[in-house]
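Taking it in order: structure first as structure tokens, then the write-up.
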Amino acid sequence: MSGEVVYLVFALPILSFIIILAFLRPLFKGRPKVSSYLGIALTGISFVLSLLLLLGVYSGKDLAASPLLWLNLGNVDIKFGAIIDGLVAIMLVVVTFISLLVQIYSVGYMRGDPAYHRYFALVSLFTGSMVGLVMASNLFWLFAFWELVGLCSYLLIGFWFDRPAAANAAKKAFIVTRVGDFGLLGAVILLFTQTGTLDIGSLHILATSGALAGSVLSWATIGILMGAMGKSAQFPLHVWLPDAMEGPTPVSALIHAATMVAAGVFLIARMYPLFEYSPNLKIVAIVGGFTAIFAATMALVMNDIKKVLAYSTISQLGYMFLGLGMGGVSVGIFHLFNHAFFKALLFLGAGSVGHATNTFDMRQMGGLGKKMPWTFACFVIASLSLAGIYPLSGFWSKDEIISSASEEPVLFYMALVTVFFTAFYMFRVVFMTFSGSYRGEKEHLHESHKEMVIPMVILAVLSVFSGFFNLNGGFAHLLGETDVETMGIFEVLSHPAAIISLLVALLGIFLAYAVYKKQWLSAAGLTRVFYPFYTLFSKKYWIDTFYEDILVRRFLVNGVFEFFSLFDRYVIDGLVNGAAKAATGVFVFFNYFDHYVVDGLVNGIGGAAKSVGKSLRHLETGQLQLYGAFIVLGIVVIVMTIFIVEVLV
Amino acid sequence: MEIETILPELVLAAAATVSLFLSSRKALWLGVGGLTAAIVLVTLSWGEEISGGFLIRDNFSWFFNLIFLGSALLVLLASRLDLILREREYPALIIFSTIGMTLLSSSNDLVSIMLSLELTSIPLYVMAGLGRDKKSAEASLKYALLGILASAVLIFGMVFVFGFTGETALPKIAQAVSKAEVNPGLIAGLFLMIGGFGFKIAALPFHMWAPDVYEGAPTEVTTFLSTASKAAGLAVLVRILSAFEAPVWLDWGMVLAILSALGMTIGNLVAIHQTNIKRMLAYSGIAHTGYILIGVASLGMDGAALSNTIFYIVAFALSDMASFLSVIAISSNIGSDDIADYAGIARHSPLVALVISLGLISLAGIPLTAGFLAKLYIFTGALDSGLSWLVIVAIINTVISAYYYFKVIKVMWFDEPLKVNRVTVSFLLGLALLVSSAGILVMGIAPSLIMNALGQISLPF
């Protein structure tokens with residue numbers, strides 16, 4: 001097998017997108033399932049090929065893919081090429097695999113939706129773009145696909161665009177991530193102008209050899225970090241992700257939990273040598289550590305199951321940033337890998353519950369454990385894994401992050417408190433949703449279709465076992481790290497950080513059990529005691545309000561834009577009007593002059609001049625004169641400026 | 001001068017003259033035939049260089065000729081039947097104006113530049129009034145009066161240049177200018193001419209006619225104005241500027257850079273407030289003139305600036321063409337140019353909505369469209385020329401502009417439909433839409449196709 005296979009991994013989902021949109025959507029109106037079968041088949045092949053690539057990389061084969069020349073920019077060739085290494089292979093497997101399962105799940109979830117074709121077309125386009133982003137050997141392509149996955153996210157969040165909330169959420173996601181992309185674009189341009197290359201491999205060499213250093217490297221990494229923070233919803237650009245839950249739930253699982261939002265983490269891992277040689281690695285850790293605990297606090301009080309999961313995703317992405325900043329590539333990416341499975345599973349579980357009850361409000365749920373045993377079992381496994389309970393997958397990667405953070409006491413304690421919050425809010429969800437008695441109004445609740453249950457079961461198995469991949473440092477070796485601490489499956493329990501975090505997580509679960517299952521403590525009472533905090537968390541720290549009301553509405557719309565509009569209306573128009581007024585004054589003056597002086601002298605000529613003055617005054621009221629005056633004024637200003645600058649000075 | 005120097009123009013002139021004596025439909029087809037024949041002739045002449053007297057036909061002029069002829073052909077195909085039936089002279093007017101443009105981009109002398117500029121403009125003044133309503137008449141009058149003022153300014157500038165160099169032929173002017181010492185007369189002459197052409201291309205501060213005329217004129221004519229006419233003004237501006245390249249004391253690059261920054265910023269900020277789509281596109285066009293002027297400003301400093309600028313002109317022409325042609329289709333069906341009335345168009349007419357969205361996305365400069373690469377090329381070129389402050393202004397502007405482009409897209413795709421008029425598109429208009437949107441995508445995905453041709457263009461002095 002040669003490395004060029006990677007182009008096939010990319011091309012197949014794109015092909016699926018084109019076929020669905022161009023042929024299946026117009027021709028198979030009555031049989032929407034054709035689209036899903038095509039999408040599943042082509043993504044399935046992509047997944048198998050990715051798996052083969054991963055095995056190839058693991059066995060140490062040299063799998064270079066020769067690039068294709070795309071365009072030439074000055075002296076620089078931009079090539080469409082692919083990197084194949086451990087990082088890429090792992091990401092490809094995660095992306096194609098989750099996409100495959102999500103598409104299978106969607107066959108059941110999206111059944112009967114009028115825009116079924118469009119849904120599968122977009123999911124295919126997203127999968128292809130995400131593969132393109134991951135494999136790109138060149139920052140130019142990476143950025144292009146970065147934008148394309150953003151576009152897919154926008155279109156899928158707004159998938160049910162007849163709901164205003166969905167349309168607004170799509171817009172919000174697009175605009176907020178654009179702020180980060182602005183930084184990334186700046187970094188790309190900066191790197192290109194300073195080094196003349198955008199090839200990622202060359203940039204790595206330049207950074208490690210010290211040729212790329214100092215303020216350039218520092219600013220470039222800041223720009224890259226901004227892009228990553230936008231995409232991965234890190235504070236203060238986190239506000240779009242909870243709103244993005246307006247999209248279909250399988251999309252939330254694929255894009256807003258497992259893959260696209262992790263692209264920020266991937267980007268930092270991809271450009272890691274640049275960060276290592278710049279002073280900014282610590283900033284990555286601080287951003288991550290803060291976002292982790294910050295988002296977790298809001299997850300504590302949400303009543304919408306998907307919102308809890310969304311804040312949880314932000315928080316876990318923060319962990320990954322923390323891992324990257326403190327530990328290294330393998331620490332961050334390992335958590336990304338495990339998180340992809342259990343978080344996708346949690347979303348699919350939430351989708352399954354929502355599908356049955358027609359709501360995502362947990363206050364309208366309860367007692368679903370008996371009605372939906374498969375969903376219940378899978379959800380509990382995923383929650384345990386997320387909470388970091390031994391020996392499930394979340395435990396392993398979270399433990400690595402926390403022990404790597406132990407060098408910085410503040411970050412370490414923040415991470416530990418986050419573990420407590422995480423365990424508490426996840427089991428709050430579990431108990432509110434699955435135990436007790438049903439509080440909603442829908443009758444005849446039943447387990448979801450098998451095409452929804454099977455992907456969940458597969459993910460549940462992985463949520464248990466995916467942590468074992470790094471048991472003997474195998475995962476880290478795959479990412480090219482050699483000096484890793486190896487931990488056996490049992491000896492890890494002698495590790496102090498592991499024991500502490502495990503105890504903290506168990507405490508969180510116990511508290512949730514006490515409040516929401518046994519009701520030894522009343523939830524309302526807790527709310528009353530912690531009322532200021534409750535308000536702060538449930539109002540999302542007023543950050544959304546601040547952005548929407550103060551920053552956008554007051555400052556931008558009513559401030560800056562209004563200013564320019566007024567500026568245009570009063571100052572520029574005023575100048576022109578003033579000029580015209582002055583001209584009128586001159587005319588009037590001549591008119592009077594004419595009337596009394598010239599008229600007195602030469603009556604006949606005076607009469608003619610008067611009529612000219614009169615007609616000029618009439619013309620002055622039309623806009624046309626202003627425009628003409630402006631043209632002449634413009635030229636005069638330009639010529640005078642040049643005279644002053646070039647000739648006189 | 002050999003007769004084949006102006007063979008395409010002769011064919012066009014014959015077609016236009018004969019079409020005046022035919023019925024409307026026949027006139028249309030004769031016009032389409034004449035334009036197609038001219039396109040073939042021009043394409044066959046690619047690579048030849050003929051120079052004689054007032055005219056020079058080199059790759060620069062051949063390429064621009066293709067832009068004008070292509071735009072004229074697309075506009076003619078896309079024109080509403082009732083307009084053509086009512087105004088029999090319409091095809092002839094378009095073609096006469098196009099002849100003016102092809103000659104303008106091939107002119108090598110101030111005299112022929114002035115003459116062909118008038119030949120370009122006078123039919124446009126008439127065409128702006130073909131809407132036969134109050135707004136259209138106002139547009140026509142405004143355009144004509146201000147156009148005449150601009151011509152006067154231009155001639156004034158030419159007189160200065162002639163007076164201080166004693167020449168009207170551009171190569172000789174270039175020689176004289178390169179030897180000249182600091183000379184206020186030449187400065188005044190050049191900037192008066194820039195002012196005159198600035199009017200033609202709607203560059204700030206000579207832009208104020210554009211929104212009114214774009215709004216009032218029939219949309220077909222607006223399309224032609226914003227694509228072919230603007231490209232013609234830019235072509236001749238570039239040719240004249242290249243004759244003034246040598247003297248260091250004549251820093252027109254910086255002036256154009258400042259005009260560019262002003263144009264982008266004011267154009268984009270005012271566009272945000274527009275409720276009429278044609279006015280919005282007019283301000284967007286003013287902003288895009290600003291982006292193009294970035295390339296023009298770096299002409300003297302960066303070897304690739306010429307091809308970057310032309311690439312941008314083509315990309316802008318295609319994107320604006322796609323947007324305006326869709327406006328023709330939509331507005332003639334719903335009877336309104338208000339953006340608010342576009343609500344939910346995508347629900348019942350997704351294809352037209354897709355084309356206009358593509359056009360707007362390309363204008364906004366999103367990857368995989370022509371507009372993105374055009375911006376990328378021009379920005380990187382400007383960075384090489386040391387205009388980094390201008391690139392920063394341009395990038396901020398690009399972000400701002402995305403807001404109002406996407407606002408239209410949002411209205412069309414996400415808002416509740418107000419009326420349920422399905423947008424019907426005639427076959428020919430559909431063809432024009434297809435060609436322009438295919439062009440956007442092809443340029444956005446495989447730019448080397450066009451970049452290779454642009455690499456063969458150079459200016460003689």
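All chains are named by letter (A, B, ...) in the order of the sequence lines, taking the proteins before the strands, and each is independently numbered beginning at 1. Note that the structure is predicted; figures quoted are calculated from it, not measured.
Annotation: maximal heavy-atom pairing with chain A below 4.5 Å, among B/Gly196, B/Gly195, B/Pro205, occurs at B/Pro205.
With a 4.5 angstrom heavy-atom cutoff, B/Phe199 touches chain A only via side-chain atoms. With a 4.5 Å cut-off on non-hydrogen atoms, B/Phe379 does not touch chain A at all. Looking at A/Leu148, the atoms closer than 4.5 Å to chain B (heavy atoms on both sides) all sit in the side chain, from C-beta outward. With a 4.5 angstrom heavy-atom cutoff, A/Ile635 touches chain B via backbone and side-chain atoms both. Contacts of B/Ile194 with chain A are absent, with no heavy-atom separation under 4.5 Å from either backbone or side chain.
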Practice problem: Go through the steps for B/Ile395 and A/Ile189 under the test side chain to side chain contact (heavy atoms under 4.5 Å, CB included), then give the verdict. | Solution: CA-CA 11 Å; B/Ile395 289 176; A/Ile189 291 176; 3.7 Å; yes
Quiz item: Would A/Asp162 and B/Glu416 satisfy side chain to side chain contact (heavy atoms under 4.5 Å, CB included), going step by step from the backbone distance to the final call?
Solution: CA-CA 7 Å; A/Asp162 38 5; B/Glu416 279 303 312; 4.2 Å; yes
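Rounding to the nearest 0.5 Å places CG of B/Leu383 at 10.0 Å from CD of A/Gln194. Rounding to the nearest 0.5 Å places CZ of A/Phe143 at 10.0 Å from CG of B/Leu376. Taken to the nearest 0.5 Å, the NZ atom of A/Lys171 stands 7.0 Å off from the OH atom of B/Tyr403. The distance from the CD1 atom of B/Ile409 to the OH atom of A/Tyr154 is 7.0 Å, given to the nearest 0.5 Å. Rounded to the nearest 0.5 angstrom, B/Ser388 OG and A/Leu190 CG are separated by 11.0 Å. The CD1 atom of B/Ile187 sits 13.0 Å away from atom CD1 of A/Ile638, with the distance rounded to the nearest 0.5 Å.
Crowding of A/Tyr7 atom OH: a count of heavy atoms from other residues, nucleotides or ligands under 6.0 Å exceeding 12. Crowding of A/Trp219 atom CH2: a count of heavy atoms from other residues, nucleotides or ligands under 6.0 Å not exceeding 12.
In this pair, A/Phe174 and B/Phe406 present their aromatic rings tilted. The plane angle is within the 30 to 60° band.
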